[in-house]
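Numbering starts at 1 and runs along the sequence shown.
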Amino acid sequence: MEATQFLAIQTETYKLGFIGAGKMAESIAKGVVQSGVLPPPRISTSIHSNPSRRLAFESFGVKVLPQNRNVLEESDVVIFSVKPQVVKDVILQLRPLLTKDKLLVSVAAGIKLKDLQEWAGHGRFVRVMPNTPSAVGEAASVMSMGGAATEEDGELITKLFGSVGKIWRADDKLFDAITGLSGSGPAYIYLAIEALADGGVAAGLPRELAMGLASQTVLGAASMATKTGKHPGQLKDDVTSPGGTTITGIHELEKGGFRGTLMNAVVAAAKRSRELSQS
């Protein structure tokens with residue numbers, strides 16, 4: 001296999017570089033530092049013009065270098081966290097430096113693994129789809145391994161992205177559906193929190209209390225689902241008494257097509273992701 005030709009990355013000493021210094025890169029870098037996966041001096045990025053971005057990274061000890069090429073020269077693992085529309089140009093510009101001893105990672109939405117590998121000139125590439133809760137260490141991320149990425153590479157990426165939440169592995173062809181669910185999903189939940197709070201206000205609660213209760217209720221319910229391992233239907237049944245308040249509320253949600261609407265949202269977003277990745 002092609003992968004056997006590649007040098008193993010030394011987990012005790014490797015350096016991590018970010019090409020692109022936006023919020024996602026900051027969230028990942030911060031998680032990596034805070035969890036103790038890597039010390040800040042082993043992480044670098046490049047910022048050309050925006051002083052606030054420079055300050056953001058320097059505030060927790062990450063090195064800011066003059067050029068992308070400096071980041072690449074210094075790094076063993078390189079995360080491309082630039083906007084999807086510029087990924088191709090950035091990779092092609094840097095291609096001479098993208099040697100096979102470097103593990104390359106992309107977090108750009110909608111950019112297929114086969115294209116990333118083609119642009120880089122080798123298959124030691126991992127595609128990762130994180131989502132915005134990475135900023136608070138609660139990301140739902142999914143990774144797909146390139147043709148020449150080794151099992152050790154996969155474990156390294158699992159550890160890196162595990163520092164900002166949970167990570168799963170899936171085939172690249174599933175990434176449009178993943179985008180529709182976990183990529184766009186936080187926005188659906190923000191709508192639900194806002195609507196729950198509005199309901200509380202409509203029922204007579206002060207706005208601040210309603211918002212706090214709505215946010216914490218969603219957090220608590222999600223924690224119950226992840227920590228108990230129970231099916232959400234069972235958890236729903238556990239709080240639904242005969243003729244009680246909860247079943248009355250659920251009846252209203254079912255009349256409004258709540259579940260079908262959420263399903264449609266995921267499917268529509270996945271379809272849009274597919275359209276964007278083909279354009």
Could you go step by step and tell me if Ser144 and Phe175 meet the side chain to side chain contact (heavy atoms under 4.5 Å, CB included) rule? CA-CA 9 Å; Ser144 182; Phe175 270 56; 3.6 Å; yes
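- The 12-atom threshold is exceeded at CD of Gln234, counting heavy atoms of other residues, nucleotides or ligands nearer than 6.0 Å.
- In Lys112, the NZ atom is crowded: over 12 heavy atoms of neighbouring residues, nucleotides or ligands sit closer than 6.0 Å.
- Judged by distance alone, the side chain of Lys102 and the main-chain N or O of Ser75 form a donor-acceptor pair under 3.5 Å.
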Check against side chain to side chain contact (heavy atoms under 4.5 Å, CB included), Glu26 and Phe60: CA-CA 10 Å; Glu26 182 189 344; Phe60 58 99; 4.2 Å; yes
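- Distance alone, capped at 3.5 Å, places no donor-acceptor pair between the Ser184 side chain and the Gly180 backbone.
- Here the side chain of Asn131 pairs no donor or acceptor atom with the backbone of Ala139 at under 3.5 angstrom.
- Of the possible donor and acceptor atoms, one in the side chain of Ser81 sits under 3.5 Å from a partner among the backbone N and O of Gly20.
- A salt bridge links Asp238 with Lys230: the distance from a Lys NZ or Arg NE/NH1/NH2 to an Asp or Glu carboxylate oxygen falls below 4.0 Å.
- Salt bridge status for Glu58 with Lys63: absent, with no side-chain N to carboxylate O gap under 4.0 Å.
- Here the CG atom belonging to Leu235 is positioned 10.0 Å from the OG1 atom belonging to Thr240, to the nearest 0.5 angstrom.
- Between Asp172 and Arg127 there is a salt bridge, since a side-chain N of the basic residue sits under 4.0 Å from a carboxylate O of the acidic one.
- By the 4.0 Å N-to-carboxylate-O rule, Glu275 lies close enough to Lys271 to be salt-bridged with it.
- Between Glu151 and Arg169, at least one side-chain nitrogen of the basic residue sits less than 4.0 Å from a carboxylate oxygen of the acidic one, meeting the salt-bridge criterion.
- Listed for the Gln117 side chain is no donor-acceptor partner under 3.5 Å among the backbone atoms of Gly146.
- Within the 3.5 Å criterion, the main-chain N or O of Thr246 finds no donor-acceptor partner in the side chain of His251.
- For Glu74, the CD atom sits in a packed shell: over 12 heavy atoms of surrounding residues, nucleotides or ligands are nearer than 6.0 Å.
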As a quick check of understanding, evaluate side chain to side chain contact (heavy atoms under 4.5 Å, CB included) for Val128 and Val126, giving each step before the final call. CA-CA 6 Å; Val128 182; Val126 179; 4.0 Å; yes
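- Atom OG of Ser44 sits about 7.5 Å away from atom CD1 of Ile19, to the nearest 0.5 Å.
- Not one N or O on the side chain of Asp89 forms a donor-acceptor pair closer than 3.5 Å with the backbone of Val86.
- Each of Val78 and Val107 belongs to its own hydrophobic cluster when Ile, Leu, Val, Met, Phe, Trp and Tyr are linked at side-chain heavy-atom distances under 4.5 angstrom.
- Looking at Leu38 and Val33, their side chains never come closer than 4.5 Å, going by heavy atoms from C-beta outward.
- No continuous path of ILVMFWY side-chain contacts below 4.5 Å connects Val90 to Val105, so the two sit in separate hydrophobic clusters.
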Determine whether Asp176 and Ser277 satisfy the following criterion, side chain to side chain contact (heavy atoms under 4.5 Å, CB included), listing intermediate values before the conclusion. CA-CA 9 Å; Asp176 291 319; Ser277 65; 3.9 Å; yes
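- Using modelled atom types, one side-chain atom of Ser35 and one backbone atom of Gly31 make a donor-acceptor pair closer than 3.5 Å.
- In the displayed structure, Met211 atom CE is contacted under 6.0 Å by more than 12 heavy atoms of other residues, nucleotides or ligands.
- Side chain of Asn264 to backbone of Gly260: a donor-acceptor contact under 3.5 angstrom is found.
- By the 4.0 Å N-to-carboxylate-O rule, Arg124 lies close enough to Asp153 to be salt-bridged with it.
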